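Nothing fancy with the numbering, it's 1 onward along the sequence. Basis for what follows: all heavy atoms, side chains included, without hydrogens, waters or symmetry-related copies. Just so you know, these numbers come straight off a predicted model, no measurement behind them.
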Amino acid sequence: MDKKLLEIVFDNLYNGIYVVDGKGVTIGVNKTFEEMSGFSNAELTGRNLRDLVGEDNYFSGSASLLVLERKCPVTATYSTSTNRKFLVKGRPIFNHQGKIEYIINTIWDLTVVHYNHQIDADTARSQILSDDDFITCSEKMSSVIDLALRVAETDSTILLTGESGVGKSLLAKTIHRSSERKQKVLMKINCAAIPESLIESELFGYEGGAFTGADNKGKAGLLEIAKGGTVFLDEISELPLHLQSKLLGVIQDKEFYRVGGREAQRTDIRLIAATNKDLVTLVSEGQFREDLYYRLNVVPIAIPPLRERREDIPTLIQHFTEKYNRKYNSYKKLSENLINQMVSMPWKGNIRELENVVERSIVTTLGDFISWEKVQIPGIENIIPKDIGLKEMLAEQEKEILLQAQKKYKTTRRIAAALGISQATTARKLKAINDTLLDQTETNNDISPHLPE
Ligand SMILES: Nc1ncnc2c1ncn2[C@@H]1O[C@H](COP(=O)(O)OP(=O)(O)OP(=O)(O)O)[C@@H](O)[C@H]1O
Ligand SMILES: [Mg+2]
């Protein structure tokens, strides 16, 4: 293909393209990316992503920087200062020496400009999934996302399976946001959360006087309100059997009746269902309708548990550390040793559990440096660490006290006075602590190795 034609192809791809060199410097973007982001090729070319990323900067984060750090493909969602939201897949291109020469980023636009104003805002507000970014560098997860993006454009029904906390809800949102329906509502319905006596009228609505206590004017159900959009049926296994057949009707005939209604309601929805149960077993036990199972299982997407993609753990820890440092206005950092220990933990609660542990560590530990000894992780016997004795534990405590005192009193004279030890001892101990901290972390610049006297 000649160069001119290649340029035409580059600029006319459906996706945005962002090309970066091995140092993180922008080589160029295509026209689609210019249109998506509102940034021009001229203003981005030649600029290092490190200077373009951060709060109130061009981008909230960068897949390329993660690719450079981890030396593997990365998928992540980011926002821009122009209020756009992107899904980015960054792929490294290696040279003969095995060094990254280029990173080719392919970008999908997840921006939602407005929701359908026709919806009953009160009902829908609590149902619309909240905003959240995701990130992964595992091959397994990457192929899950590829499949999700491929089917997002179609209207096929999707069944998301996976343990609790693996990211089913997050993926449902991403699918909706990369579909044609993204400007319409994404209605989340948790089948386990609505009382059984209400679920039929909540889902399908009712006509005036349909039952005692019913509104005279009747009420539209969530499936009706979601017209034109996507309905996310979470914990589908908890849907009572008689409603399973009504839902089957919705899928097959694209219509249903309100409770007490005689007029068929036409539906125009895309269905995504999710479960952490094994539906095949439930079908064999007669707890789930087989025909509904086949109707839902048109495109099955199984999300692997975190323990089957441990390479994601360090990246996720970094992602959540940044997220909660931003939230709590702190500059904390987890020690390498802690991250290594976390990589080998079971994570039964998957990413939700990991996120909670990182948030709790940031909120509850003193000092900016979070070590393994300080963190309480349920199910792990780390109150009394196995590898260290009393002496090391006491040293750890002493270090903590001295670092806190250093923050508060600043000079060795005042620290010594506050702790009732000599100034020489204070200076010696702090120098030793700060030296080891500097060895452990190059980026934590909150530690001053030399204090004023
Ligand atoms: N790849 C990821 N990157 C960043 N955050 C993630 C990722 N996957 C999941 N999360 C976060 O982990 C938490 C749990 O994810 P989510 O609610 O989507 O899980 P789930 O599979 O729907 O769980 P449940 O079965 O309990 O409903 C959320 O806060 C979500 O934002
Ligand atoms: Mg969920």
Next on the checklist: Looking at Lys429 and Glu398, is there a salt bridge between them, counting it only when a charged N and a carboxylate O are closer than 4.0 Å?
Outcome noted: yes
Next on the checklist: How long is the straight-line distance from CZ of Arg270 back to NZ of Lys184, given to the nearest 0.5 Å?
Outcome noted: 14.5 Å
Checklist entry - Would you say the side-chain atoms of Arg47 pair up with the backbone N or O of Leu52, donor to acceptor, closer than 3.5 Å? => result no
Next on the checklist: Show, in sequence, the C-alpha distance, side-chain angles and deciding distance for Arg181 and Asp155, and conclude whether the salt bridge (Lys or Arg N to Asp or Glu O under 4.0 Å) test is met.
Outcome noted: CA-CA 9 Å; Arg181 295 172 178 266; Asp155 252 349; 3.0 Å; yes
Checklist entry - Would the number of heavy atoms belonging to other residues, nucleotides or ligands and lying under 6.0 Å from CZ of Arg70 be above 12? => result yes
Checklist entry - Of the non-hydrogen atoms in Ala172 and Ile272, which two are nearest, and what is the gap between them? => result O-CD1, 3.9 Å
Checklist entry - Does the pair Glu139 and Arg309 meet the rule for a salt bridge (Lys or Arg N to Asp or Glu O under 4.0 Å), with working shown? => result CA-CA 8 Å; Glu139 249 172 69; Arg309 46 177 164 123; over 6 Å; no
Next on the checklist: So does Tyr409 get a backbone contact from the side chain of Arg414, meaning a donor-acceptor N/O pair under 3.5 Å?
Outcome noted: yes
Next on the checklist: Would the distance check show the side chain of Trp347 and the main-chain N or O of Met342 forming a donor-acceptor pair, the cut-off being under 3.5 Å?
Outcome noted: yes
Item to check | Name of the residue among Glu359, Glu355, Glu322 meeting salt bridge (Lys or Arg N to Asp or Glu O under 4.0 Å) with Lys327 | outcome: Glu359
Next on the checklist: If I compare all heavy atoms of His176 with all of Val185, which pair ends up nearest, and what's the gap?
Outcome noted: CE1-O, 3.4 Å
Item to check | Qualifying side chain to side chain donor-acceptor pair (under 3.5 Å) pairs, either residue in residues 31-46, two or more places apart | outcome: Asn41-Thr45, Glu43-Tyr58
Item to check | Candidate pair Phe33 and Tyr18, rule ring-ring contact (aromatic ring centres under 6.0 Å, His included), full reasoning | outcome: CA-CA 7 Å; Phe33 185 79; Tyr18 194 121; 5.3 Å; yes
Next on the checklist: Could you report the tightest heavy-atom contact between Ala405 and Leu419, atom names first, then the distance?
Outcome noted: CB-CD1, 4.1 Å
Checklist entry - Could you go step by step and tell me if Ile17 and Ile107 meet the side chain to side chain contact (heavy atoms under 4.5 Å, CB included) rule? => result CA-CA 6 Å; Ile17 303 288; Ile107 295 128; 6.0 Å; no
Checklist entry - Going by atom types alone, do Lys89 and Thr75 pair a side-chain donor with an acceptor below 3.5 Å? => result yes
Checklist entry - Is the CD atom of Gln404 crowded by more than 12 outside heavy atoms at less than 6.0 Å? => result yes
Checklist entry - Does the side chain of Thr80 come within less than 4.5 Å of Met36's, by heavy atoms? => result no
Item to check | Heavy-atom donor-acceptor pair, Asn350 side chain to Ser164 backbone, under 3.5 Å | outcome: yes
Next on the checklist: I want to check something: taking the side chain as every heavy atom from C-beta on, are Leu354 and Ile317 in contact at a cut-off of under 4.5 Å?
Outcome noted: yes
Next on the checklist: Looking at Glu235 and Ala274, would you say the former's side chain and the latter's main chain have a donor-acceptor pair under 3.5 Å?
Outcome noted: no
Checklist entry - Does any donor atom in the side chain of Ser335 or Asn337 lie under 3.5 Å from an acceptor atom in the other side chain? => result no
Checklist entry - When rounded to the nearest 0.5 angstrom, what distance separates CD1 in Ile421 from OG1 in Thr412? => result 10.0 Å
Next on the checklist: Using modelled atom types and a 3.5 Å cut-off, is there a donor and acceptor pairing between side-chain atoms of Lys140 and backbone atoms of Ile303?
Outcome noted: no
Item to check | Test: Lys431 and Asp435 ion pair at under 4.0 Å | outcome: yes
Checklist entry - So, does Asn297 use its side chain to make a donor-acceptor pair with the main chain of Tyr293 at under 3.5 Å? => result no
Checklist entry - Is the number of heavy atoms from other residues, nucleotides or ligands under 6.0 Å of Glu196 CD greater than 12? => result no
Checklist entry - So, Asn57 and Ser81: side-chain donor and acceptor under 3.5 Å apart, yes or no? => result no
Item to check | Any donor-acceptor N/O pair, Asp278 side chain to Val280 backbone, under 3.5 Å | outcome: yes
Checklist entry - Can you find a heavy atom in the side chain of Leu65 that is under 4.5 Å from one in the side chain of Glu69? => result no
Checklist entry - Salt bridge check: are Lys188 and Asp234 linked by an N-O gap of less than 4.0 Å? => result yes
Next on the checklist: Does any part of the side chain of Ile189, heavy atoms only, come nearer than 4.5 Å to the side chain of Leu203, both counted from C-beta?
Outcome noted: yes
Checklist entry - When rounded to the nearest 0.5 angstrom, what distance separates CG in Asn15 from CG in Leu149? => result 8.5 Å
Item to check | Gap between atom NZ of Lys333 and atom CG of Asn325 - 0.5 Å precision | outcome: 10.5 Å
Next on the checklist: Show the nearest heavy-atom pair for residues Gly24 and Arg50, with the distance to one decimal.
Outcome noted: CA-NH1, 4.4 Å
Next on the checklist: With a 4.5 Å cut-off on side-chain heavy atoms, are Asn83 and Thr111 touching?
Outcome noted: no
Checklist entry - Which value, rounded to the nearest 0.5 Å, describes the distance between Ile194 atom CD1 and Ile199 atom CD1? => result 4.5 Å
Checklist entry - With a 4.5 Å heavy-atom cut-off, do Thr26 and Val19 have their side chains touching? => result no
Next on the checklist: Tell me whether Glu163 is salt-bridged to Arg307, with the criterion being a basic N under 4.0 Å from an acidic carboxylate O.
Outcome noted: yes
Checklist entry - Checking side chain to side chain contact (heavy atoms under 4.5 Å, CB included) for the pair Ser64/Asn105: CA distance, chi angles, key distance, verdict? => result CA-CA 7 Å; Ser64 300; Asn105 294 286; 2.8 Å; yes
Next on the checklist: Closer than 3.5 angstrom, by distance alone: can the side chain of Asn95 be matched with the main-chain N or O of Gly98 as a donor-acceptor pair?
Outcome noted: yes
Next on the checklist: Checking the side chain of Thr365 only, and the main-chain atoms of Ile362 only, is there a donor and an acceptor separated by less than 3.5 Å?
Outcome noted: no
Next on the checklist: Could you report the tightest heavy-atom contact between Ala302 and Val144, atom names first, then the distance?
Outcome noted: O-CG2, 3.6 Å
Checklist outcome for this item: The reported gap from CD1 in Ile236 to CG in Asn190 (rounded to nearest 0.5 angstrom) is 10.5 Å
Checklist outcome for this item: Heavy atoms of Gly22 and Leu68 approach each other most closely as O-CD2, 3.3 Å
Item to check | side chain to side chain contact (heavy atoms under 4.5 Å, CB included) between Ser178 and Leu87, worked out | outcome: CA-CA 9 Å; Ser178 41; Leu87 184 142; over 6 Å; no
Checklist entry - Do the rings of Phe320 and Tyr324 sit parallel, tilted or perpendicular, given the 30° and 60° boundaries? => result tilted
Checklist entry - Does the side chain of Ser79 come under 3.5 Å of the side chain of Arg84 through a donor N or O and an acceptor N or O? => result no
Next on the checklist: A side-chain contact here means heavy atoms from C-beta on lying under 4.5 Å apart; do Leu316 and Ile313 qualify?
Outcome noted: no
Checklist entry - Is a side-chain donor-acceptor pair under 3.5 Å present for Asp133 with Thr77? => result yes
Next on the checklist: Evaluate Leu403 against Ile433 for side chain to side chain contact (heavy atoms under 4.5 Å, CB included), listing each step before the verdict.
Outcome noted: CA-CA 8 Å; Leu403 285 173; Ile433 292 169; 4.0 Å; yes
Checklist entry - Can you check whether Leu338 reaches Ser371 side chain to side chain, under 4.5 Å on heavy atoms? => result no
Item to check | Phe134 atom CZ: more than 12 heavy-atom contacts under 6.0 Å | outcome: yes
